[in-house]
Each structure stands twice: as C-alpha cells, then as structure tokens.
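We name chains A, B, ... by the order of the sequence lines, and we start the count at 1 in each one.
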2 protein chains.
Amino acid sequence: MKRSASPDNPEISDAQLMFDVLNEIGIISQLSRALLESRLQDGLTQQHFGVLNHMVRLGDGCTPLEMARAFQVPKTSMSHTLAGLEKRGLVTMQPNPHDGRGKLIYLTDAGRELRSSAISAIAPDVIAMIPQFGRDDANAALPLLRKLRVLLDEAR
Amino acid sequence: MKRSASPDNPEISDAQLMFDVLNEIGIISQLSRALLESRLQDGLTQQHFGVLNHMVRLGDGCTPLEMARAFQVPKTSMSHTLAGLEKRGLVTMQPNPHDGRGKLIYLTDAGRELRSSAISAIAPDVIAMIPQFGRDDANAALPLLRKLRVLLDEAR
DNA sequence: CTTGTATGGTTCGATATCGTACTATATTAT
DNA sequence: ATAATATAGTACGATATCGAACCATACAAG
C-alpha cells in the first residue's frame, strides 16, 4: 500500500527509508539515554557521563570546545554540562597556559571513580543484550553508523 | 590476546562494542535533530514534527499516551509537546468519547500543511545523502536498528 | 603599535525534559 | 453498591538545551 500522492519515485522512497533509519535512531537514543540515566545518581545525565567516559578513554586536558565538537553539541550546552561536572567535583577547569582565552579540563579522582561505578551499574544491562545483539551485529552496524554520522556532520 | 585477569575478556569487549554503537547512535541523533530543527520555523522541535508526521502516516485520533509510547518518552513530556502543538493550532484535542479520562488528538489542516512543508524543507538534505548512504545501506541498517530498539525497550 | 577580525568561553532568556505529586475517571473485588 | 486499585492526563519545579549577545584574548594587516 504505497501512498498515492506521488508515483513511486525512487528518490522519494529512498528518502523515506532514510527517514525511517533516523526515526529508529532517535528512539534508540531516547531509550538508551533513559536506561543510562536510570542507573546514574545525583541527577547525572548522559551528557555528564559521556564527558567523563570520553576523558577516561581518550585522555583529559582537552578544551571545552573540543568536547563540544566530540559530542556535536553547541558550545553553550557543553559549557553548562562542564559547569555541572565541576560543581560536583568530578572535573577541574584550569586556564590554558597556551591560550589566555581558553581552559583545560581535567578529571578528578572522584570523576574517575564515578565513571567506573557508572560503568559497573550499566554493564549488566548491556551484557544482558549481548546474546541478542552481539559482536556480529555490532560489527555490522558500526561502519554504517559511522558513515551516516560523517554524512550528517558534513551536511551541517 | 591472552585472556587474563585484565579486562580483555570477551564479555567486556562485546560490551565495549555495544557502548560504541550506542555512542554513534547518540551523536547521529543529536546531528539529525539539529539539522531538522534548523529547517523548521517558529521554534518547532523534532518532537513536534515527529508527532505530526506520525499522525499523517499512521492516522490521527490517537491518545496522548499512545503517542508517548510511540516515541518512548514519558507521558509528561508528550503532554507538553502536545500542548505546544495545540497552542500553535496544529492539532486539536477532543475528549475521548469512550473514556472520560482520556483525550484524542486530531490533526488540523494547518498541521498537515506544516508537516508537508517541513518535509519539503528537509528533503534536499536527505536526498543529498542518498548517493553516499542509499537504499542498500538503509536496508542493511534498519533490521539491526529495529532489533536493538526492541531489546532496549524490553530492558526498560 | 593600532585596528579589524576571529576564536574560546560565559551569560542570559526562552523553551524542553522529566520526575513527583495530584485530579479525575475506570475497573475490579467484595 | 462500595471500596480498593489502576489508568489517563495535568501541574509544578528542577534542571537541560541552545541561540543571541557578550567579553576577553589571539591573530592578522597595515
């Protein structure tokens, strides 16, 4: 049962397919955020966790702007997220010695510990999904997702 | 490649793979939301568009709770989204004749028109991506995404 | 050195998100 | 019929998001 308004133009149906993909992605993002935040305490958000996790994995001492780009959010949103982390004592912000305008973000011990316990808190949920969506599925999905992300990034 | 006390344990690395998938999905969701909202006017959000689009495609006369479930958001968030649509004259809310507690949501002509013009506004961006991410990629990605969504839905 | 412009970051205001608590109606058990 | 419980939806408050405007420093041109 196709929509009758337009003839079955391949460009339209391909675009519809893309909408469907993005729609699924939006719902998955919503669900995974809700699941993660249900495992975090103290009102920590996915964004807070993501920043801590990123710095543990790729090293700290990065700038707020680098962080904003890594998560593809406006710098003003990242500024707010970092203020929340600093207020909770999970990161510290130092002036950038090479750029008087800039700051550098460093993890505190509390930040590293919180990230670890958050990982422990969410791991059972993730591991429970692996029998249904394991290595093969993930390895099939990742290149497609990366390609889509790069395209969307370029389309900005 | 040793499997020792250190965390190169298959369960852990599979979990890491899952984190990577969800991370990509989060960024894609962020990017596609930003792109869509940059094409909408009057402060319309992705959520507003999503609700209109859903009703055009699957029929209106649904309840707020059905909408909240379709988008996997809390009912209180959907309540707010619907209030925004009603305030803009894009939907109307009627009492549900079969349930004195409930309401039914209907598209207005303005709502249908707005959805059409939003589709037109975003279509060029989507079509521009098709040479890079077309039917084959979308058809490969969709079943994986649907499976992941169902899993996350069940894990709630 | 001054001036113009670009860049890193914050402030502010409008709106979105969502948990808690609440109201009203429906359903179920007795 | 009544009481207990469940469900649809809203009100409210705390926090998140993000664009516009802003400040400070950096950099480039003359």
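In this model, the phosphate group of D:dC18 is approached by a side-chain N or O of A:Ser77 to a distance below 4.0 Å at OP1 or OP2. At C:dA16, one or more side-chain N or O atoms of B:His80 fall inside 4.0 Å of OP1 or OP2 (strictly under the cut-off). Residue B:Gln30 has a polar side-chain atom (N or O) positioned under 4.0 Å from OP1 or OP2 of D:dC18. Checking the phosphate oxygens (OP1, OP2) of C:dG9, no side-chain nitrogen or oxygen of A:Ser79 falls inside 4.0 Å.
Residue A:Met93 is classed as a sugar-phosphate contact, given heavy-atom separations below 4.0 Å to backbone atoms only. Looking at heavy-atom distances under 4.0 Å, A:Asn96 makes no contact with the nucleic acid at all. Nucleic acid contact for A:His98: none, since no nucleic acid atom lies under 4.0 Å from a heavy atom of the residue.
Atoms CD (A:Gln94) and C1' (C:dG8) sit 17 Å apart, rounded to a whole Å.
Taking for each of B:Arg33 and B:Leu65 the nucleotide of DNA chain D with the nearest heavy atom, the 5'-most of the two is the partner of B:Leu65. Residues B:Thr45 and B:Arg101 each lie close to DNA chain C; by heavy-atom proximity, the contact nearer the 5' end of the strand is made by B:Thr45.
A donor N or O paired with an acceptor N or O is found under 3.5 Å between the base of D:dG19 and the side-chain atoms of A:Thr76. Side chain B:Lys75 to base D:dG9: a donor-acceptor pair is found below 3.5 Å.
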